[in-house]
Asker: 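The structure is given below, and queries will be raised subsequently.
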Amino acid sequence: MTNWIEPGPVMPVIVLEDAGLAVDLAHALVDAGIFHLEVTLRTASALDVITRIRTAVPKALVGAGTVLGADQWRRACDAGATFGVSPGFTAELGEAIRKQAIPFIPGVSTASEAMRAMNEGFHLLKLFPAEAVGGRALLRALHGPLPQLRFCPTGGIGLHNAADYLALPNVQCVGGSWLVPQHALDTRDWAGIGALAREAVALRRA
Ligand code: 3PG
């Protein structure tokens with residue numbers, strides 16, 4: 001099991017109510033160089049969004065985010081998710097992940113949680129909620145005893161601090177909802193989302 005192809009440097013956290021926008025949004029992101037798209041299971045249309053992107057935008061790697069339990073993960077896999085992300089890590093979720101040969105990024109916020117996920121074979125972890133639990137200082141501290149781990153921090157990250165996170169040796173990518181602002185979705189501002197995405201991709205570590 002378990003981790004995967006390398007995402008980065010940024011991964012949008014997508015909260016989409018209207019599945020009719022999914023394909024245009026995915027094209028805007030992929031055309032700008034962002035291929036890993038995390039579609040959160042926070043809306044009624046999320047599974048439909050995943051299926052539409054998987055079907056119509058083959059260059060996109062569409063994943064399911066906010067996976068909270070076994071049943072959700074199974075349905076996300078059936079909908080076509082190519083990876084999963086969770087804000088935390090439970091025994092029930094761990095068992096469900098092991099049943100699918102699909103990459104997964106479990107969420108952690110402490111050294112103990114990171115050790116548990118590592119012991120189950122995960123080496124790429126989501127740090128959530130990154131800024132609230134210590135942000136860059138925590139990541140620097142974890143790198144000492146756990147140098148084999150890589151993180152995808154999310155929660156409170158934006159253009160103002162993403163580059164500082166990406167400069168850390170144990171940060172694989174940063175995630176966030178800032179890449180797909182609600183106002184841009186409301187106005188179908190695909191050019192604006194593309195411009196934001198290009199700016200974010202330019203943060204890639206040299
Ligand atoms: C997540 O689901 O990963 C976070 O809620 C994203 O946090 P953000 O909205 O602060 O980017």
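Each ligand, and each atom within it, is numbered from 1 in the order the structure gives.
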Asker: Would you say Gly65 touches ligand 1, if touching means a heavy atom closer than 4.0 Å?
Answerer: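 No.
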Asker: Could you check atom 10 (O) of ligand 1 against the protein and tell me its nearest heavy-atom contact, residue, atom and distance included?
Answerer: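 The closest one turns out to be Gly156 N, 2.8 Å.
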Asker: Does even one non-hydrogen atom of Thr66 get within less than 4.0 Å of ligand 1?
Answerer: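 Contact absent.
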Asker: How about Phe89 and Arg116: do any of their side-chain heavy atoms sit closer than 4.5 Å?
Answerer: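 Yes, side chains in contact.
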Asker: May I ask whether Arg42 has any heavy atom positioned less than 4.0 angstrom from an atom of ligand 1?
Answerer: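 Within the 4.0 Å threshold, so yes.
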Asker: Does a side-chain heavy-atom distance below 4.5 Å link Leu68 with Pro87?
Answerer: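 Side-chain contact under 4.5 Å: yes.
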Asker: Provide the number and element of each atom of ligand 1 under 4.0 Å from a heavy atom of Phe128.
Answerer: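 Selected atoms, number and element: 1 (C), 4 (C), 5 (O).
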Asker: Within the 4.0 Å heavy-atom shell around Gly155, which atoms of ligand 1 are there?
Answerer: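 Here the atoms of ligand 1 in question are 7 (O), 10 (O).
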Asker: Provide, to 0.1 Å, the distance between atom 11 (O) of ligand 1 and the closest protein heavy atom, together with that atom's residue and name.
Answerer: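 For atom 11 (O) of ligand 1, the nearest protein heavy atom is Ser177 N, 2.9 Å.
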Asker: Measure the distances from the heavy atoms of Glu38 to every atom of ligand 1 and state whether one is below 4.0 angstrom.
Answerer: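 For ligand 1, residue contact (heavy atoms, under 4.0 Å) with Glu38 is absent.
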Asker: Is it the case that ligand 1 has an N or O less than 3.5 angstrom from some N or O of Lys126?
Answerer: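 Between Lys126 and ligand 1 (N or O atoms, distance only) the closest approach is under 3.5 Å.
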Asker: Could you list which atoms of ligand 1 come closer than 4.0 Å to a heavy atom of Gly176?
Answerer: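 Heavy-atom distances to Gly176 below 4.0 Å select 11 (O).
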Asker: Does any non-hydrogen side-chain atom of Met11 lie less than 4.5 Å from one of Cys152?
Answerer: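 In contact.
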Asker: Between Trp73 and Gln100, is any pair of side-chain heavy atoms under 4.5 Å apart?
Answerer: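 Side-chain contact under 4.5 Å: yes.
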Asker: Flag the pair His143 / Pro169 as yes when at least one side-chain heavy-atom distance between them is below 4.5 Å, and no otherwise.
Answerer: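 SC-SC contact between His143 and Pro169 confirmed.
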Asker: If you define the side chain from C-beta out and look only at heavy atoms, does anything of Asn161 sit under 4.5 Å from Arg136?
Answerer: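 Result yes, sub-4.5 Å side-chain heavy-atom pair found.
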Asker: Less than 4.5 Å apart, side chain to side chain, heavy atoms only: is that true for Val57 and Phe35?
Answerer: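 Counting from C-beta outward, Val57 and Phe35 never come under 4.5 Å.
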